[in-house]
Amino acid sequence: MDQIKLTALSHTVVESDHAVITGDGFVNSVVPGWTNCVVNVVINEAMGANFCQLLITMEEAGKLTGKTKASQIFFYVLEGGCTVKIDGQETKLKKGSYVYIPIDKAYVFDQAILDTKLLTFHKVYEKLDAYEVPATLIGHESDIEQTIYCDDPDLLMQNLLPDMTDLSFDMAVNIFTYNPGANLPFVETHIMEHGLIYLAGQGIYRLADKWYPIKKGDSIWMAPYCPQWFGALGKEPAAYIYYKNVNRFPTIV
Ligand code: UGY
Ligand code: MN
């Protein structure tokens, strides 16, 4: 018998304080200045978030030309490779490379391997008195030390930006790796907001009072104070790269 695909089904969930975006519902956006690429706005203000997370696939002759304004942008190479030009300096990027572009800075990404996939996090920069705006920063995840998280050697954290030691940064981007069977030691509930995408593995995420099976490629938004917990399943480590707002006064009053 012919199998009929039920097109009304999706694992994507959007709630007021969290979202799980599996990609099956993506509809592409056009971004002025970004040519020959497919752009999906995974998380942004329209959802209730205070930051933006995109997925970009660079096609034949794909090129991103732009200048940051009020928002800084963090780019991470999920697959493939390309070149970035900033301040007349050209740097080759490969899978695992990242580029932090501060406010008010022109950039060009091009010379991409076909179907290069980039992740971005965008946040309006909040300047701190007596601190300079951070400079452009280019790095690779393999150069970042893995540190033990919450005294559990099966929970490994990499801080891609120096936000722990440099208060001029108001955002953190970390890679969090869980060895098989590892889990967060408690249900976190905090003012900081998160956006993430899974780089590897699978497991169960608790968001608010719901439980979701999650795997490589899925994205999650967690609003401030959304209770959160994750446990890794399967035989390979689970890892996600995530955004967090940090280092600023906690109230406007
Ligand atoms: O940094 C964090 O808040 C992190 N442990 N949260 C999370 O992975 N959901
Ligand atoms: Mn958290």
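Predicted model, so just to flag it, every value in this text is computed and none were measured.
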Gln53 meets the side chain to side chain donor-acceptor pair (under 3.5 Å) criterion, sequence neighbours left out, with none

Q: Go through the structure and list residues passing side chain to side chain donor-acceptor pair (under 3.5 Å) with Gln228, not counting sequence neighbours.
A: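 So Gln228 forms a side chain to side chain donor-acceptor pair (under 3.5 Å) with His190, His194.
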
Residues joined to Val77 in its hydrophobic cluster, side chain to side chain under 4.5 Å directly or through other members, sorted by chain and number, are Val31, Trp34, Val39, Val41, Leu54, Ile56, Met58, Leu64, Ile73, Phe75, Val84, Ile86, Leu93, Val99, Ile101, Tyr107, Phe109, Leu118, Ile138

Grouping ILVMFWY residues whenever side-chain heavy atoms fall under 4.5 Å, the cluster of Leu156 otherwise contains Ile148

Would Ile204 and Phe230 count as a side-chain contact (heavy atoms from CB on, under 4.5 Å) if you check the C-alpha gap in whole Å, the side-chain angles of each, and the deciding distance to 0.1 Å? CA-CA 6 Å; Ile204 301 286; Phe230 177 68; 5.6 Å; no

Applying ring-ring contact (aromatic ring centres under 6.0 Å, His included) to Phe74 and not counting sequence neighbours gives Tyr98

* Please collect all side chain to side chain donor-acceptor pair (under 3.5 Å) contacts where either partner lies in residues 55-66, sequence neighbours excluded, each pair once. =>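 Listed once each, the pairs are Thr57-Lys117.
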
Q.
Please list all pairs meeting side chain to side chain donor-acceptor pair (under 3.5 Å) that have one or both residues in residues 130-140, counting only residues at least two apart or in different chains.
A.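 Sorted pair list: His140-Ser142.
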
Partner of Gln72 under side-chain contact (heavy atoms from CB on, under 4.5 Å), picked from Lys105, Lys123, His122, is Lys123

Next on the checklist: Please check: side-chain N/O of Asn44 versus main-chain N/O of Ala46, any donor-acceptor pairing under 3.5 Å?
Outcome noted: yes

Is there a donor-acceptor contact under 3.5 Å from the side chain of Thr147 to the main chain of Met157?
yes

The salt bridge (charged side-chain N to carboxylate O under 4.0 Å, His left out) partners of Asp104 (sequence neighbours excluded) come to Lys67

Name all residues meeting the salt bridge (charged side-chain N to carboxylate O under 4.0 Å, His left out) criterion together with Asp143; count only those two or more places apart in sequence or in a different chain, and write none if there are none.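 With sequence neighbours excluded, Asp143 shows a salt bridge (charged side-chain N to carboxylate O under 4.0 Å, His left out) to no residue whatsoever.
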
Give every donor-acceptor pair under 3.5 Å between a side-chain atom in residues 209-218 and any protein atom, sequence neighbours left out.
| from | atom 1 | to | atom 2 | distance (Å) |
| --- | --- | --- | --- | --- |
| Lys210 | NZ | Glu15 | OE2 | 3.4 |
| Tyr212 | OH | His18 | NE2 | 2.7 |
| Asp218 | OD2 | Lys215 | N | 2.9 |

Can you give each donor-acceptor pair under 3.5 Å made by side-chain atoms of residues 241-253, sequence neighbours left out, with the distance rounded to 0.1 Å?
| from | atom 1 | to | atom 2 | distance (Å) |
| --- | --- | --- | --- | --- |
| Tyr242 | OH | Asn174 | ND2 | 3.1 |
| Asn245 | OD1 | Glu193 | N | 2.7 |
| Asn247 | ND2 | Asp163 | O | 2.9 |
| Asn247 | ND2 | Phe169 | O | 2.9 |
| Arg248 | NE | Glu126 | O | 2.7 |
| Arg248 | NH1 | Leu167 | O | 2.8 |
| Arg248 | NH2 | Glu126 | O | 2.9 |
| Arg248 | NH2 | Leu167 | O | 3.4 |
| Arg248 | NH2 | Ser168 | O | 3.1 |
| Thr251 | OG1 | Val253 | N | 3.2 |

Original post:
Do Tyr240 and Tyr205 have side-chain atoms, one donor and one acceptor, less than 3.5 Å apart?
Top reply: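 Yes.
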
I'd like to know whether NZ of Lys69 has more than 12 heavy-atom contacts from other residues, nucleotides or ligands below 6.0 angstrom. no

Under 3.5 Å donor-acceptor pairs involving side-chain atoms of residues 19-30, not counting sequence neighbours:
| from | atom 1 | to | atom 2 | distance (Å) |
| --- | --- | --- | --- | --- |
| Thr22 | OG1 | Thr12 | OG1 | 3.0 |
| Thr22 | OG1 | Asp24 | OD1 | 2.8 |
| Thr22 | OG1 | Asp24 | OD2 | 3.3 |
| Asp24 | OD1 | Ser10 | OG | 3.1 |
| Asp24 | OD1 | Thr12 | OG1 | 3.1 |
| Asp24 | OD2 | Ser10 | OG | 3.1 |
| Asp24 | OD2 | His11 | N | 3.4 |
| Asn28 | OD1 | Asn40 | ND2 | 3.0 |

**Prompt:** Can you check whether Lys85 reaches Asp110 side chain to side chain, under 4.5 Å on heavy atoms?
**Reply:** yes

